[in-house]
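Below is one structure, written out as structure tokens, with a few remarks after it.
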Amino acid sequence: TEIYTLSLHDALPICLISQFTNDIFERQMIETQMAVKAKQVNELENQAEHLKQMDPDKGEEIVAKKSVVETRFDKLKAPLEARKKQLEKKKEAYQFRRDVEDEKLWIAEKMPQATSNELGNSLYNVHILKKKNESLKKETDHHEPRINTIISNGQKLINEGHEDAGEFGRLIDELKERWSELKAAVDERKGRLLQSEKAQQYLFDASEAEAWMSEQEYANQHYNSLR
């Protein structure tokens with residue numbers, strides 16, 4: 001089985017990471033500006049009510065001005081919210097790519113143990129290797145929901161019609177393939193260790209039998225020498 005080695009920065013170029021950082025800053029700036037302007041509009045509304053009471057003759061002018069400000073703010077909210085949602089989608093796409101690369105690294109770290117040809121040269125060693133492989137099996141079983149979540153996140157982006165849907169589909173297929181290879185390698189190693197255990201058990205039993213027979217032969221010889 002092929003052993004995969006890669007780095008996150010190889011898969012995600014510096015320019016992409018830098019762009020993502022800029023997008024995060026822009027999204028935070030939009031959120032801050034929206035909050036500040038919403039507060040200002042709310043304060044203007046409160047001031048307008050107070051000014052109408054203080055100067056009733058200018059009531060209509062104040063109301064008209066307040067309406068203009070509110071209308072302009074509402075018009076600005078829509079494109080700002082759209083930009084915010086667009087940045088959120090870019091964040092989801094970046095996170096998906098990063099998660100896939102992280103999982104490929106995780107799988108690559110586990111593959112050497114799963115594909116090891118070390119099967120033990122004694123019954124004791126085989127039992128130790130079996131326990132290690134059982135631990136790896138439990139670890140992969142526990143990790144599988146994480147893999148499924150990442151695949152689901154990528155599929156969601158595809159279903160929403162993301163412009164990089166083709167790339168995401170390839171990443172999902174690649175992750176599924178490598179995950180399947182790891183699970184298959186763990187199961188295959190379990191089978192090979194079972195066969196090794198049977199062989200070592202046979203050798204152990206044979207050695208025990210030979211030792212017993214040697215003891216009996218010595219005892220018989222000793223008994224015959226005393227007759």
Side-chain angles (χ1 to χ4, degrees), residues 1-14 16-17 20 91-159 164 166-218:
T1 304
E2 182 181 359
I3 304 300
Y4 301 101
T5 56
L6 47 86
S7 72
L8 180 58
H9 284 275
D10 287 339
L12 296 174
I14 296 297
L16 180 58
I17 296 173
F20 175 70
K91 176 188 174 183
E92 290 177 13
Y94 172 88
Q95 190 64 53
F96 170 69
R97 290 186 179 98
R98 178 172 179 174
D99 288 343
V100 169
E101 300 309 323
D102 284 346
E103 293 313 309
K104 283 157 64 176
L105 281 170
W106 191 91
I107 292 169
E109 290 172 358
K110 305 302 176 183
M111 284 299 285
Q113 180 182 344
T115 57
S116 173
N117 290 320
E118 183 183 2
L119 298 176
N121 54 12
S122 70
L123 190 59
Y124 174 75
N125 286 340
V126 173
H127 287 165
I128 291 177
L129 292 174
K130 277 186 65 181
K131 287 181 180 179
K132 288 182 178 180
N133 195 64
E134 287 167 2
S135 295
L136 180 57
K137 177 67 164 63
K138 289 179 181 177
E139 191 175 2
T140 55
D141 288 345
H142 181 73
H143 198 78
E144 190 159 29
R146 168 69 176 162
I147 297 290
N148 291 336
T149 296
I150 293 170
I151 291 173
S152 178
N153 291 342
Q155 191 60 54
K156 175 175 174 288
L157 289 168
I158 293 173
N159 294 342
D164 295 325
E167 175 196 350
F168 297 157
R170 290 191 296 273
L171 288 174
I172 288 174
D173 290 342
E174 187 175 351
L175 180 57
K176 284 181 176 179
E177 181 180 1
R178 296 194 184 187
W179 183 248
S180 296
E181 288 176 357
L182 175 60
K183 292 178 65 178
V186 172
D187 289 339
E188 181 183 347
R189 179 159 175 75
K190 176 183 178 181
R192 289 189 293 139
L193 286 170
L194 284 174
Q195 291 299 319
S196 179
E197 181 182 38
K198 290 179 181 179
Q200 292 297 337
Q201 185 68 57
Y202 173 82
L203 294 174
F204 178 83
D205 292 342
S207 295
E208 287 280 299
E210 287 179 346
W212 181 84
M213 287 186 286
S214 294
E215 290 175 0
Q216 297 306 310
E217 289 171 353
Y218 175 79

> Under a 4.0 Å N-O cut-off, is there an ion pair linking K131 with E134?
Replying inline: no
>> Under a 4.0 Å threshold between the charged nitrogen and the carboxylate oxygen, would R178 count as salt-bridged to E103?
In response: no
From [X] [atom1] over to [Y] [atom2], what is the distance, rounded to the nearest 0.5 angstrom?
X    : Y    : atom1 : atom2 : result
N125 : Q200 : CG    : CD    : 8.0 Å
E167 : I158 : CD    : CD1   : 10.0 Å
S152 : N159 : OG    : CG    : 9.0 Å
R192 : N133 : CZ    : CG    : 9.0 Å
D99  : Y94  : CG    : OH    : 10.0 Å

> Going by atom types alone, do N148 and E144 pair a side-chain donor with an acceptor below 3.5 Å?
Replying inline: no
>> Before you tell me yes or no, could you show the steps for K137 and D141 under salt bridge (charged side-chain N to carboxylate O under 4.0 Å, His left out), namely the whole-Å CA-CA distance, both residues' side-chain angles and the distance that decides it to 0.1 Å?
In response: CA-CA 6 Å; K137 177 67 164 63; D141 288 345; 2.9 Å; yes
> Do the ring planes of W179 and H143 sit parallel (below 30°), tilted (30 to 60°) or perpendicular (above 60°)?
Replying inline: tilted
>> Could you go through L175 and I107, starting from their C-alpha distance and side-chain angles, then the distance that decides it, and tell me whether this counts as side-chain contact (heavy atoms from CB on, under 4.5 Å)?
In response: CA-CA 9 Å; L175 180 57; I107 292 169; 4.1 Å; yes
>> Show, in sequence, the C-alpha distance, side-chain angles and deciding distance for E174 and R170, and conclude whether the side-chain contact (heavy atoms from CB on, under 4.5 Å) test is met.
In response: CA-CA 6 Å; E174 187 175 351; R170 290 191 296 273; over 6 Å; no
>> My understanding is that only one of R97, R98, K104 makes a side chain to side chain donor-acceptor pair (under 3.5 Å) with E101; could you say which?
In response: K104
Identify the heavy atoms of [X] and [Y] that sit nearest to each other, and give their distance.
X    : Y    : value
L193 : E118 : CD2-O, 4.3 Å
S196 : G120 : OG-O, 4.0 Å
E197 : L123 : O-CD1, 3.9 Å
A93  : L157 : CA-CD1, 3.8 Å
F168 : G154 : CB-O, 4.5 Å

> Where the side chain of T140 meets the backbone of L136, is there a donor-acceptor pair that is under 3.5 Å apart?
Replying inline: yes
>> Could you go through W106 and L182, starting from their C-alpha distance and side-chain angles, then the distance that decides it, and tell me whether this counts as side-chain contact (heavy atoms from CB on, under 4.5 Å)?
In response: CA-CA 10 Å; W106 191 91; L182 175 60; 3.9 Å; yes
>> Let's go through F96 and I172 carefully: what are the C-alpha distance in whole Å and the side-chain angles of both, what is the deciding distance for side-chain contact (heavy atoms from CB on, under 4.5 Å) to 0.1 Å, and is it a yes or a no?
In response: CA-CA 10 Å; F96 170 69; I172 288 174; 3.8 Å; yes
>> More than 12 heavy atoms of other residues, nucleotides or ligands under 6.0 Å from NZ of K132: yes or no?
In response: no
>> Would you say that more than 12 heavy atoms from the other residues, nucleotides or ligands in this model lie under 6.0 Å from the CD of E139, or not?
In response: yes
>> Less than 4.5 Å apart, side chain to side chain, heavy atoms only: is that true for V126 and L119?
In response: no
